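Below is one structure, written out as structure tokens; the observations come after it.
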Amino acid sequence: MRLEAITQPSLLRKMVPPILALITTVIFASFLAMIAGANPLSVLGLILKGAFGSQFAILETLNRATPLIFTGLAAAVAFRAKFWNIGAEAQLYAGALITVVLGTGVLPWPSFTILPTLALVSILAGAVLLLAPALLKTRFGVDEVVTTLLFNFIFLLFISMLLEGPLKDPMGMGWPKSARLIAEARLPRLVDGLRLHWGFALAVLSAIGIWVIQTRSTLGYEMRAVGLNKEAAAFAGISVNTVLVKTALLSGGLAALAGFSEVAGLKGSLTLDLSPGFGYTGIIVAMLALLNPLGVIIAALFVAGIFVGADSMSRAADVPTYLADIMLATALLLMVLAIMLTRFRVVRD
Amino acid sequence: MEIIDILFTASFWAAAIRIASPLIFATLGELICERAGVLNLGIEGIMVAGAFAGWMAVYSGTDLWTGVAIAMFVGMAFGLLHSLLTVPFGLSQHVVGLGVTLLATSSTYYAYRLALPEVTSPPKIDAFQPLEIPLLSEIPLLGGALFSQTPFTYLAFILVLVVSVVLYRTPLGLALRAAGENPAAVAAQGLPVTGLRMGAVIMGSGLMAMGGAFLTMSAFDSFFFEMVNGRGWICIALVVFGAWRPGKALMGAVLFAAFDALQIRVQQTSFGAEIPYQIFLMMPYILSILALVMVSRRAEVPAALMVPFNKGER
């Protein structure tokens, strides 16, 4: 078999493969639920109900989507330029770390400046952390996939070291946990009485901002050019390495905002289980969104819904929550296949 | 000085070889994939799946070698999935690889929870035991290090030899390497590039799963979440460090493992006790990055690595 490009894909061509991908994912998940001895329809129903079935569920999903929008954007921005930042997990913790270091009362400034400062410094921390792999790539030709992946392990150990050492909360009953943020460093709730903080709004605004950069700015154009064809971009006078470094700074900064928003908006302190893999899940979010920054918001809601829904389903139906991760991995693989099939025809020879 | 003394004990080198063994399997597996032109980022997840499958098989009553074979087949199944998506369909090897890692890891954890819903600590199996090779194991230092290992470790060393011979001394190996360097030329010879690449990924994934199985069946005797802990990513670094050659990759894995064994021992000295243990745990990852920095400049990457091949396209 070989693949043949379709010059003018019909609407049917564009719609059917992605829909089939989602249907197959659901069928596969049902099959796995059956293996676990549960009724697949009730499992799927429980996931939906757990994710969107009540005001509490929806707020929970929105809260869970917030860090995923940031890490999804981080991946989308980087992957667009074919810079494979798989280190969003470490960058997230970099943002969280600097937030608890500076947000526990050391800044002697007026209180209204504290949150913007923390956000900016977080961005900086994430950007600096990704700068090392970016420079290793542009200077020494070291593949960024491996370095960013390995940085995740190194940085988490670093956090663990700090939480058991200098950052350990003396009031924490011996748990490896940082001191709590002061009140001025906490992101307020969007609406009084509803458990949803300003981090969500910041995430949506970031998505719009990235969309503007990608579609309306020279940098966005250059990033796309580098991603499509490095040689052609260099030939057209774009400094590929500069664009890659700028992409890395942007991507790292976005991932770090996830950490800032989780600590300042939700948790109030830093622990080692701050992120259950938000950095890695961001990659799925970005791919499901076809690397479109506005699509990232929708994809993050979908992914967050599956996680939140599976959590509550697991308690009710006794099916392991890992079903959610399997569904997302399946959706990811089938979706990249489906997207390819919207543009290519499989021909037998 | 106590650290120097450590280097001259057989038990130190025996530990290094033991730590190196799973890395040797998985590095060989990744090397075969990359030589054929496919980057396999599924390695981390495939190792998790192999670790679980081999251990679970033995726990359910098969003998050890059957368990190894089952782990290999599970790895090959994930290899088939990876290669189907990346070779004939030519999808992004980065995305598919990460997707396979996620799928393999999460389905392993799902299977674990279903198979052992009640347990709080995972059960143990009767793992591979050291097999002292007569005469050879009596050589001072070397004998204790190399020839008092488990049969699973001996298999790792045999496979390095087998893979070298196949890659460099057989027509199949030549075709496979050519598929990673210049697939169009391979196709012009009338050889199936797709078949060669898929076969390489499937076989390579089988080896990765055996590397995972080594952890639960020889290095330890039980399965834990997070037990692979980035070893797959380290193996990708080892392939680069070993310049895509089995022999050099073996040296790299042993060297790396020696550092790892050393840090464990330094940790137990009076000097090491002063340092936070996390610093020691970071060492393998930092070493991998340093190794990459050292060799990446002059790395001879297979020319068609990550370049999909589509017949009829020029």
Side-chain angles (χ1 to χ4, degrees), chain A residues 1-5 32 35-37 79 82 84 86 132-133 136-137 139-143 145-147 149-162 164-165 280-281 283-284 287 318-330 332-333 336-337 339-341 344 346-347 349, chain B residues 39 41 44-45 81-82 84-85 88-92 94-114 117 194 229-230 232-234 236-237 240 276-282 284-286 288-289 292-299 301 308 310-313:
Chain A
M1 59 164 267
R2 64 197 166 81
L3 302 171
E4 205 176 79
L32 290 172
I35 293 183
F79 289 11
K82 295 246 163 70
W84 301 100
I86 323 287
L136 285 178
K137 180 192 171 82
R139 293 288 163 88
F140 297 96
V142 182
D143 185 44
V145 175
V146 187
T147 47
L149 271 168
L150 293 174
F151 260 76
N152 289 342
F153 292 89
I154 298 172
F155 203 77
L156 241 89
L157 285 164
F158 177 62
I159 297 276
S160 148
M161 192 173 97
L162 293 179
E164 288 178 16
Y280 300 99
T281 313
I283 296 168
I284 302 182
M287 293 313 297
D318 207 21
V319 172
T321 48
Y322 295 107
L323 185 66
D325 303 79
I326 302 181
M327 279 177 81
L328 290 175
T330 316
L332 169 70
L333 291 173
V336 280
L337 178 65
I339 297 308
M340 195 273 294
L341 289 177
F344 291 90
V346 178
V347 188
D349 30 32
Chain B
L39 172 75
L41 292 183
E44 179 83 8
L81 173 70
H82 185 290
L84 258 179
L85 293 172
F89 288 115
L91 299 176
S92 159
H94 285 108
V95 177
V96 171
L98 293 169
V100 168
T101 281
L102 281 171
L103 183 65
T105 310
S106 51
S107 37
T108 299
Y109 292 174
Y110 191 76
Y112 176 86
R113 280 273 179 261
L114 286 188
T194 306
N229 210 2
W233 312 131
I234 286 169
I236 292 183
V240 180
Y277 68 94
Q278 290 95 343
I279 298 275
F280 291 103
L281 295 180
M282 281 179 202
Y285 310 111
I286 293 175
S288 305
I289 293 178
L292 282 178
V293 174
M294 270 157 45
V295 301
S296 281
R297 255 289 162 74
R298 50 197 165 76
V301 190
N310 190 13
K311 266 177 291 178
E313 206 179 68

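Keep in mind it's a predicted model, so treat the numbers as computed, not measured. In what follows, chains carry the letters A, B, and so on, assigned in the order in which the sequence lines appear, proteins first and then strands, with residues in each chain numbered from 1.
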Most chain B-contacting option - heavy-atom pairs closer than 4.5 Å, from [options]:
options	result
L156(A), D325(A), L149(A)	L149(A)
G165(A), A324(A), P320(A)	P320(A)
F155(A), F140(A), Y322(A), F158(A)	Y322(A)
I339(A), T330(A), V142(A)	V142(A)
R139(A), E4(A), E164(A)	E164(A)
L332(A), D143(A), L136(A), L32(A)	L32(A)

Pick one of side chain, backbone, both or neither for [X], based on which atoms fall under 4.5 Å of a heavy atom in chain A.
X	result
L39(B)	neither
P88(B)	both
L281(B)	both
T105(B)	neither
Y112(B)	neither
L91(B)	side chain

Considering only heavy atoms from C-beta outward, does the side chain of [X] approach that of [Y] to under 4.5 Å?
X	Y	answer
F153(A)	M282(B)	no
M340(A)	L3(A)	yes
L337(A)	L333(A)	no
S92(B)	W84(A)	yes
T281(A)	L102(B)	no

Return the [atom1] to [atom2] distance between [X] and [Y], rounded to the nearest 0.5 Å.
X	Y	atom1	atom2	answer
T194(B)	L84(B)	OG1	CG	10.5 Å
R113(B)	L323(A)	CZ	CG	14.0 Å
I86(A)	W233(B)	CD1	CH2	8.0 Å
I326(A)	S106(B)	CD1	OG	4.5 Å

Is it the case that T101(B) and E44(B) place a side-chain donor and acceptor less than 3.5 Å from each other?
-> no

Verify whether one side chain among Y280(A) and N152(A) offers a donor that lies under 3.5 Å from an acceptor in the other.
-> yes

Examine whether an atom of [X] lies under 4.5 Å from a heavy atom of chain B, and if so say whether it belongs to the side chain, the backbone or both; otherwise answer neither.
X	result
V346(A)	side chain
M161(A)	both
V146(A)	side chain

Among [options], who wins on heavy-atom pairs under 4.5 Å with chain A?
options	answer
I236(B), V95(B), V100(B), I286(B)	V95(B)
V301(B), L85(B), V240(B)	L85(B)
I279(B), N229(B), I234(B)	N229(B)

